[in-house]
Asker: 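One structure follows; several queries about it will come next.
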Amino acid sequence: MALTKNEIAKRIAQELVNNTYVNLGIGIPTLVANHVPSDINVEFQSENGILGMGPFPIEGKEDADLINAGKQTITSLPGAVLFDSAVSFSMIRGNHIHLSVLGAMQVAENGDIANWKIPGKMVKGMGGAMDLVTSSNNIIVAMTHTNRQGQSKLLKRCTLPITGVSCVKKIVTDLAVIEVTSKGFKLTEVAPGVSEDEIINSTDADLTIDKNLKTMVL
Amino acid sequence: MALTKNEIAKRIAQELVNNTYVNLGIGIPTLVANHVPSDINVEFQSENGILGMGPFPIEGKEDADLINAGKQTITSLPGAVLFDSAVSFSMIRGNHIHLSVLGAMQVAENGDIANWKIPGKMVKGMGGAMDLVTSSNNIIVAMTHTNRQGQSKLLKRCTLPITGVSCVKKIVTDLAVIEVTSKGFKLTEVAPGVSEDEIINSTDADLTIDKNLKTMVL
Amino acid sequence: MINKTVANVDEAISGVDSNMVLMFGGFGLSGIAENCINALSKKNIKNLTCISNNAGVDDFGLGLLLKKRQIKKMISSYVGENDEFERQMLSGELEVELIPQGTLAERCRAGGAGIPAFFTPAGYGTEVQGKKEVRVFNKKKYIMEHALNADFAFVKAWKGDTLGNLIYKGTARNFNPLMAMAGKITVAEVEHLVPAGELDLNQIHTPGIFVQRIFKGSFYEKRIENRTITKA
Amino acid sequence: MINKTVANVDEAISGVDSNMVLMFGGFGLSGIAENCINALSKKNIKNLTCISNNAGVDDFGLGLLLKKRQIKKMISSYVGENDEFERQMLSGELEVELIPQGTLAERCRAGGAGIPAFFTPAGYGTEVQGKKEVRVFNKKKYIMEHALNADFAFVKAWKGDTLGNLIYKGTARNFNPLMAMAGKITVAEVEHLVPAGELDLNQIHTPGIFVQRIFKGSFYEKRIENRTITKA
């Protein structure tokens, strides 16, 4: 059965490496913070100017002066630090952030990502996404495998305006974990109860099936 | 009679404009701070990271962590602020500093300045001088009119490696005040008791004599 | 001592005119110059070019200027959550230049720092690249971006002193220190205005040299755009 | 919580080897990493490229590494007040690249900020220009300068926490925050080391993300190069 958003986030949390700095995008990626393994130390950055972001505040403690990049009210953890937007993107462009998790509308088999614009329909802007995707050494995409119209979001080539070139390393969808290799998409894990064929049928690009193909453990 | 270093500084202090930010170089320029007219508000920057620099500390209050660009122990005035070297030179390159007063080994009639190197003899480095001379809208040079060998420091062309191109606006020496114009040096003031001829003889470049030529008032 | 204090918001925005380029600090509705924006929306000026990471919401922040059609062009990184904005943009009434958030921050800093241009990887290979110069450094591709400056920059700080030194609070810092550097005239509004010398000189975020006018704002609604809580 | 603390200076400098590029914060003798420099001068390493605004004095700071001939090349803005340095430079034993102070600061920041190159007016028309690209922006001439990075950066702060967050004191801040950003491995030595959470998150000068190792220095001579006083 297809994963819930929370389950996608839980699977991505398994990718977290001890003693690293991580930027979580808006949407599913934000949920990753709720599933950090207890033996893993990570610090979450929000690009509007905080490192050491904590959970949402309890009711009555919301502070308009303390938000994340999704404009949600947040808290800070001990050891947190505040900074301006130029310093924030210095951390990002300078490769000090080890992992970025982003949502996407489309990912191409060469690692291109599209997540900022639908011409004529939706033009909200790229925010920090273009900086993030060109900068971190590890870009993981969290998204549903298909869009609301049932169309595959994994493609040979992005049809929407792209956010970055050949940058996505791994995709975790509600159906599968897929690595982006020099030879295109490689299916490495399937969601529990989801068949290979269902994934193949939902993917508008070629897929290499990993010889050690596994079922996700959540 | 030729001015003392303190008198040169005192004359330059007359150039200070109310409500401005000023950088004083090492040597004679530093002395300008002792002669600020009482009706003039200026803030002094030192490029190693302080704005609102105050006088030297009283004995026993020296702090190794509070120095100026000449590595002299200093104090801070109320309203002072500390910052790093990148912010400091942002103030300089970004034209936020209104006036820089520098020493020089040579100034050319086109406004070129040389003050950082004597090939084969002295190579101490330019420090912040190259940033300062290309950045401030007003560069005043404080120096003796001739060097120790009696050679003019005001020239048609600098013979030493230059620090910056066509940047000096005004020169205050022990003999005269000279403006750098599009037509070369213009003598506007003579030191008390110094003759025009003495200045002409000490200057290895042409001089226009200002029709309102004055004697300096100190 | 230099004194940058102005009496009120009207004095603070005096000289702002039609066709000018204005910068506004803030991220979403956090850290925006509420008093200045309100006063500008009541002033008879138009054809403004506004540089701001976001464009406010329909009835708050820069949304107030949009509603009155005072803005000709927006330079931003993210403009969602604003229906009037979307309408004006799609109808062609409003010109919009969308640029990556890090590039926006760096371009403002560059403008204030006397750096006319720099190279960044953000936007390479995308629409943002456009006709910008592409250059390879260490086998990676970058595009050249230019500095941004403004006739006026409007920033909001938590505390400030009469010399213009500023301290921000929380994530309300965001673009404010960078735009403060890039304004020909930078106007700072603050929640607390103190005499010079009262702030710790080692804890100031924006040195007063970057600020030309400062005043204490008369109100701060500090609207929260997306109130999220953890259930106790 | 991430913990960057190392036990002592030896652990802090472990991995530093001959032929590496090293950055050292400090201006003159103010804000230099005394403990690290001392330990490096006792280590059997040579052919170092050192990036530092100054080169210490004969028997203190980087002068210690110069005396032991550990430095192949210095990249600095000002190297006066050091006889041994002058001797090695004039005899050709030491390679020296002198660059404007603001350019040095900006190149380090650029290295840490993922900006590979930028334009600055400093040095245009001088020896510093050399073969660098010249470009005109708004009728003014600029030269292109590249980012600087280092295998190790050694910085000194007043206070730090176990996460690597740093607060400097006075003008001892200078190049330290910029070099902290530009080191592949940044080593911070501090006068006071506190648990993460004890520093005010709004007053930190260098976010811990830029620091890989931190320790409390065992001594600070803090020599004053030019003691000047006002007679009471």
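Order of the sequence lines fixes the chain letters, A, B, ..., with proteins taken first and strands second; residue numbering starts at 1 for each chain. Values below: every heavy atom of this structure, side chains too, minus hydrogens, waters and symmetry copies.
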Asker: Assess the residue pair D/E127 and B/W116 against the criterion (side chain to side chain contact (heavy atoms under 4.5 Å, CB included)); give the C-alpha distance rounded to whole Å, side-chain angles, the decisive distance to 0.1 Å, and a yes or no.
Answerer: CA-CA 11 Å; D/E127 283 183 9; B/W116 74 286; 3.7 Å; yes

Asker: Which atoms of D/S76 come close to chain B, meaning under 4.5 Å heavy atom to heavy atom: side chain ones, backbone ones, both, or neither?
Answerer: neither

Asker: Any chance you could measure D/N174, atom CG, to B/D65, atom CG, to the nearest 0.5 Å?
Answerer: 9.5 Å

Asker: Using a 4.5 angstrom heavy-atom cutoff, name the option from B/G125, B/S85, B/G128 with the most pairs to chain D.
Answerer: B/S85

Asker: Count the heavy-atom pairs under 4.5 Å between each of D/V79, D/N53, D/V96 and chain B, then report the option with the highest count.
Answerer: D/V79

Asker: Can you tell me which portion of D/N82 sits under 4.5 Å from chain B's heavy atoms? Options are side chain, backbone, both or neither.
Answerer: neither

Asker: For B/A69, which atoms come within 4.5 Å of any heavy atom of chain D: side chain, backbone, both, or neither?
Answerer: both

Asker: Exactly one of B/T30, B/N68, B/T73 should register a side-chain contact (heavy atoms from CB on, under 4.5 Å) with D/T228. Which one does?
Answerer: B/T73

Asker: Quick one: which of D/R227, D/R109, D/Q101, D/K140 has the most heavy-atom pairs under 4.5 Å with chain B, could you say?
Answerer: D/Q101

Asker: Below 4.5 Å, heavy atoms only, C-beta onward: do D/F27 and B/K71 meet side chain to side chain?
Answerer: yes

Asker: Less than 4.5 Å to any heavy atom of chain B: does that hold for the side chain of D/K141, its backbone, both, or neither?
Answerer: neither

Asker: So, for B/M130 and D/V128, which heavy atoms are closest and what is the spacing to 0.1 Å?
Answerer: SD-CG2, 3.6 Å

Asker: Does any part of the side chain of D/H205, heavy atoms only, come nearer than 4.5 Å to the side chain of B/D84, both counted from C-beta?
Answerer: no

Asker: At a heavy-atom separation under 4.5 Å, does D/I99 approach chain B through its side chain, its backbone, both, or neither?
Answerer: backbone

Asker: Please determine, among D/C108, D/G28, D/P121, D/A172, the option with the most heavy-atom pairs under 4.5 Å with chain B.
Answerer: D/P121

Asker: Decide yes or no on side chain to side chain contact (heavy atoms under 4.5 Å, CB included) for B/K117 and D/L98, but give the supporting numbers first.
Answerer: CA-CA 11 Å; B/K117 186 177 181 179; D/L98 291 170; over 6 Å; no

Asker: Under a 4.5 Å heavy-atom cutoff, which of D/R223, D/E86, D/E225 has the most pairs with chain B?
Answerer: D/E225

Asker: Do D/T126 and B/T163 have side chains that approach each other closer than 4.5 Å (heavy atoms only, starting at C-beta)?
Answerer: no

Asker: Considering only heavy atoms from C-beta outward, does the side chain of D/R173 approach that of B/V87 to under 4.5 Å?
Answerer: no

